Amino acid sequence: MQYFVDAVYGCDGQDGLTPLTAWKTLDKVNATTFLPGDEILLRTGCTYRGQLHPLGDGTAEAPIRIRSYGGGKKPVIDAGGTHGTLAGDFVDGAAVLFYNQNYWEVEGLEIVNHNPYYKQEYIHELHPYTHSEFKKSPENRYRYGVLIRWHNYGTGHHIHVKNCHIHHVNGECSRFCAEGILVVSTGTEDGTPTNFDDVLLEGNRLEDIDRTGISVWSAWAEGRGIEYHGNPYESNNFYHTTVGPWRGSTGVVIRSNQIYRTAGDGILVNSTIGTVIEHNYVEGCCWDTRIGPNAAVWCHNADGTLFQYNEVCYTQGVQDGQAFDIDIACNDTTVRYNYSHHNEGGFQLLMYKTTNNDIYGNISEHDRNGLIWVHENDGGTRFHDNRFYLSMENVQVFRGPFDSDDWVFEGNVFYARLPDTQIEWRQRAKYQGNTYYNIKNLPDDPAAITEKPNWQPKD
């Protein structure tokens, strides 16, 4: 069945089965349990106030779809700055919500959840080992564009969000408190272990988000050295907790999205297996605030993540500030064919407790503050066939004090803009057949090349 909704000319007393008998409000939609194969059609050019949370489940053969009709501007879901609370199990703050639901597809909506009177304060302390940070409130302001959550559920299935414009989501700048899209499995310590399969986030535009553009997270993540203990219902941050053994989610694809101006990260995935992050454009992460350890695109406690064909630029901040990050407890990660430029914290962060990292075919231009920050680890890290343009004054290849016999650099191009650039190479790393142009001092590389490469960086 098709159900039509028209915020201007509709009436909730009608059957909703044709454009002439359309429903009017989201309340009517949310009070309906939909069946496999049903479609919810929102008339273009309309603004729908409140939260969109239709009920029911589709099937693999017949998912339930939410899309538009009428051919005009995207229909707007405006949650009006509503925020999640303990009493409401933290789901009230989402403009679009799916909770323990499966086989839904959303396409072509504009989604906003903004309170113009809320702006989180931040404090700046000058004591040793402290830094600027946001001032936490007793109750975080949880606001989301789209919240997809499975709780004490088992395995959830098939939620697709495509070609939506999600913007102006403001909340507390703690992690998972103000996200454009949050996909998460939660639970209690005595609950049902939970994960999910087949989540597609494609072709969306996200901008002006107070924390993270896209977050994929799980509370079922313990046993690999990553644990955030504490009763989630007593925590200042409900979602940044763990409750049980690691249970990887599968079939996550984040593709061809555009992300602009996030106060924190751009894309984060956690506790997944084989996630693909590709063809995304991410600009201006940690925008304006430059506070906290944020990177533009990264994985955490995940296996087999593939980053490819992404362009990441103008990430702010140096507490991290990189384009890409392979974070703690990640295995078998590939970072290839990406374009990184003008990122204040550099190109790549690689944390400890990682194994089998393959980083190749990438271009880094005009990145700053040390292009590569590799922490101590012995799990296998190979940088090969990348091109690094050291254009910024005093920029270094490496950042931080770490060194390892485990790092291999092979077939890369290190192209310095200024002649006789001095580089602080890591002495224990292995170098083989790299090109070093305009660099005064070379590492121990028996097949070093010093001729000008054919590659011409962008100025």
Side-chain angles (χ1 to χ4, degrees), residues 1-56 58 62-82 94-98 101 103-116 143-148 158-170 179-181 200-209 213-214 255-261 281:
M1 300 285 288
Q2 289 184 321
Y3 295 89
F4 295 83
V5 191
D6 184 334
V8 177
Y9 300 109
C11 174
D12 287 345
Q14 301 179 139
D15 60 20
L17 298 180
T18 72
L20 295 178
T21 60
W23 296 333
K24 184 178 182 68
T25 70
L26 296 182
D27 290 340
K28 180 65 175 181
V29 176
N30 297 343
T32 304
T33 299
F34 295 90
L35 300 175
D38 284 348
E39 290 189 314
I40 303 168
L41 303 173
L42 305 175
R43 190 169 77 86
T44 56
C46 293
T47 297
Y48 301 84
R49 309 287 180 184
Q51 181 183 80
L52 174 60
H53 177 35
L55 305 177
I64 304 171
R65 295 183 171 90
I66 302 174
R67 55 189 183 89
S68 65
Y69 75 100
K73 293 183 179 180
K74 287 181 171 67
V76 179
I77 307 297
D78 186 351
T82 181
V96 178
L97 171 67
F98 298 102
Q101 293 172 266
Y103 300 106
W104 283 81
E105 298 180 0
V106 181
E107 183 167 9
L109 306 183
E110 182 176 347
I111 299 167
V112 61
N113 190 5
H114 185 257
N115 180 349
R143 289 195 183 94
Y144 308 104
V146 179
L147 173 58
I148 302 164
H158 190 95
I159 303 288
H160 293 185
V161 180
K162 300 172 62 176
N163 302 322
C164 291
H165 182 199
I166 303 168
H167 61 97
H168 290 94
V169 178
N170 69 324
E179 321 290 281
I181 301 174
L200 173 64
L201 309 175
E202 182 175 35
N204 302 291
R205 181 183 177 98
L206 301 101
E207 54 190 334
D208 298 303
I209 310 294
I214 295 172
R255 175 188 295 136
S256 300
N257 302 285
Q258 300 177 57
I259 300 176
Y260 301 88
R261 297 180 303 280
Y281 179 83

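The shown structure was predicted, so the numbers you read here are calculated from the model rather than taken from an experiment.
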Ser68 OG to Lys73 NZ distance, which is reported to the nearest 0.5 Å: 14.0 Å

Asn257 side chain to Arg255 backbone, donor-acceptor under 3.5 Å: yes

Test applied, side chain to side chain contact (heavy atoms under 4.5 Å, CB included); reference residue, Ile66; option that passes from Val96, Leu52, Asp38, Leu41: Leu52

Spatial distance of atom CD (Glu179) from atom CG (Asn113) [nearest 0.5 Å]: 12.5 Å

Which atom of Trp23 lies closest to which atom of Thr32, heavy atoms considered: CH2-OG1, 3.7 Å

Pairwise distance NE2(His158) to CD1(Ile64) - rounded to 0.5 angstrom: 10.5 Å

4.5 Å side-chain heavy-atom contact, Pro75 and Tyr48: yes

Shortest non-hydrogen separation from Val161 to Asn204 and the atoms involved: O-ND2, 3.0 Å

Main-chain N/O of Lys24 paired with Asp6 side-chain donor or acceptor, under 3.5 Å: no

Check: Gln14 side chain, Ala22 main-chain N or O, donor-acceptor pair, under 3.5 Å: yes

Of His168, Arg49, Gln51, the residue whose pairing with Asp78 passes side-chain hydrogen bond (donor to acceptor under 3.5 Å, both in side chains): Arg49

Closest non-hydrogen atom pair, Tyr3 against Asp15: CD2-O, 4.3 Å

Side-chain donor or acceptor of Thr82 paired with backbone N/O of Ala79 under 3.5 Å: no

Stepwise side-chain contact (heavy atoms from CB on, under 4.5 Å) check, Gln101 with His53: CA-CA 10 Å; Gln101 293 172 266; His53 177 35; 3.1 Å; yes

Separation of Asp27 CG from Asp12 CG (nearest 0.5 Å): 7.5 Å

Nearest atoms (heavy-atom pairs only) where Pro54 meets Phe34: CB-CE1, 3.7 Å

Sidechain-backbone polar pair: Arg65 side chain, Glu105 backbone, donor-acceptor under 3.5 Å: no

His160 vs Glu107, side chain to side chain donor-acceptor pair (under 3.5 Å): CA-CA, chis, key distance, verdict: CA-CA 8 Å; His160 293 185; Glu107 183 167 9; over 6 Å; no

Under 3.5 Å: donor-acceptor pair, side chain of Gln2, backbone of Thr18: no

Heavy-atom side-chain proximity of Met1 to Leu35 below 4.5 angstrom: no

Gly180 to Leu206 - nearest heavy-atom pair and separation: CA-CD2, 3.8 Å

Salt bridge present between Glu39 and Arg67 (N-O < 4.0 angstrom): yes

Plane angle bin for Tyr69 and Phe4 - parallel if under 30°, tilted between 30 and 60°, otherwise perpendicular: perpendicular

Exercise: do His167 and Glu110 side chains pair donor with acceptor under 3.5 Å: yes

From CG (Leu109) to CG (Leu42), nearest 0.5 Å: 6.0 Å

Side-chain heavy atoms of Val106 within contact of Val146, under 4.5 Å: no

Smallest separation among heavy atoms of Ile40 and Trp104, with atom names: CD1-CZ3, 4.0 Å

Tyr281 and Tyr260 aromatic ring geometry - parallel, tilted or perpendicular at 30°/60° bounds: tilted

